[in-house]
Structures are given as structure tokens and as C-alpha cells.
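Okay, structure first, notes after.
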Amino acid sequence: AAGRAIDLFNEGRRLEAEAAVDQVLASYPYELTALNLKGTLLALRGDIEGALARFRVASTGVPSDVASRFNLAQALERDAARGQVRDKFP
């Protein structure tokens, strides 16, 4: 279901990829590939909280999925780093 969105993302067409992935998630809110792609798109925009939410749903829904867990770990690491920067430069 998320194949077209992935293709668009791989072509560098992020806005179109996000629109396509949003359509998938509107019908299938727990579709693993779509959740991970949406999280990635949000992270690339700097919306770490939004990315974390998507990656948490994906990794909770399918705990054995390594990609979801890796994406969640990366987003958590980025969020922690942002917090450290905010602490140093309020």
C-alpha cells in the first residue's frame, strides 16, 4: 500500500511522498511501512515529536520489526541531543 509513497521518497519528491503516505495512513493507520516513512519525513522536517509518535506506534505494533526499532532509537537519540543543546543554549 505504501509502495508509491516509497517510490516518490526515493525520487526525492518528499511533499508528494508525504501526501501519498498520508492517504495510506488515512485508510490503514497501523500500516508499518507507512508509519516508518511518515516518521522519517517528519524527522527530516525537524518534527522529532511527530516522528517519535509514528515510530512508537510502528515498533509497538510489530515489536520484532528491526527497522521500526532502529528508527525509534535514532529519533530518541536526536531528541536527546536537541535537549542537550537547549540546556546549553536556552
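Closest non-hydrogen pair, Ala34 versus Ala2, comes out as N-CB, 4.0 Å. Closest approach of Ala20 to Ala5, counting heavy atoms only: CB-CB, 3.8 Å.
Under a hydrophobic-cluster definition in which Ile, Leu, Val, Met, Phe, Trp and Tyr are linked whenever side-chain heavy atoms come within less than 4.5 Å, directly or via other members, Ile6 and Leu41 are assigned to the same cluster. When the side chains of ILVMFWY residues are joined at heavy-atom separations under 4.5 Å, either directly or via intervening members, Tyr30 and Val62 end up in two distinct hydrophobic clusters.
When hydrophobic side chains of Ile, Leu, Val, Met, Phe, Trp and Tyr are connected at separations under 4.5 Å, Leu8 ends up as a singleton with no cluster partners. Counting Ile, Leu, Val, Met, Phe, Trp and Tyr side chains that sit under 4.5 Å apart, directly or through other members, Phe55 shares a hydrophobic cluster with Ile48, Leu52, Leu72, Leu76.
Shown here are the salt bridge (charged side-chain N to carboxylate O under 4.0 Å, His left out) partners of Glu77, two or more places apart in sequence or in another chain: there are none. By the side-chain hydrogen bond (donor to acceptor under 3.5 Å, both in side chains) test, Gln74 is found to be paired with no residue, residues two or more places apart in sequence or in another chain being considered. Remark: Asn36 engages Ser68, Asn71 in a side-chain hydrogen bond (donor to acceptor under 3.5 Å, both in side chains) (not counting sequence neighbours). Evaluation of the side-chain hydrogen bond (donor to acceptor under 3.5 Å, both in side chains) rule for Glu31 yields no partner, not counting sequence neighbours. Applying the side-chain hydrogen bond (donor to acceptor under 3.5 Å, both in side chains) rule to Asp22 yields the partners Lys38; only residues at least two apart in sequence or on another chain are considered. Every residue meeting the salt bridge (charged side-chain N to carboxylate O under 4.0 Å, His left out) condition with Arg13, not counting sequence neighbours, appears here in chain and number order: Glu11, Glu16.
Put simply, the residue from Thr40, Leu42, Leu37 that forms a side chain to side chain contact (heavy atoms under 4.5 Å, CB included) with Glu18 is Leu42.
A distance of 8.5 Å separates CG in Leu15 from CZ in Arg45, rounded to the nearest 0.5 Å. To the nearest 0.5 Å, atoms OH (Tyr28) and OG1 (Thr33) are separated by 13.5 Å.
Residues in residues 56-71 take part in no salt bridge (Lys or Arg N to Asp or Glu O under 4.0 Å) pair, two or more places apart or across chains.
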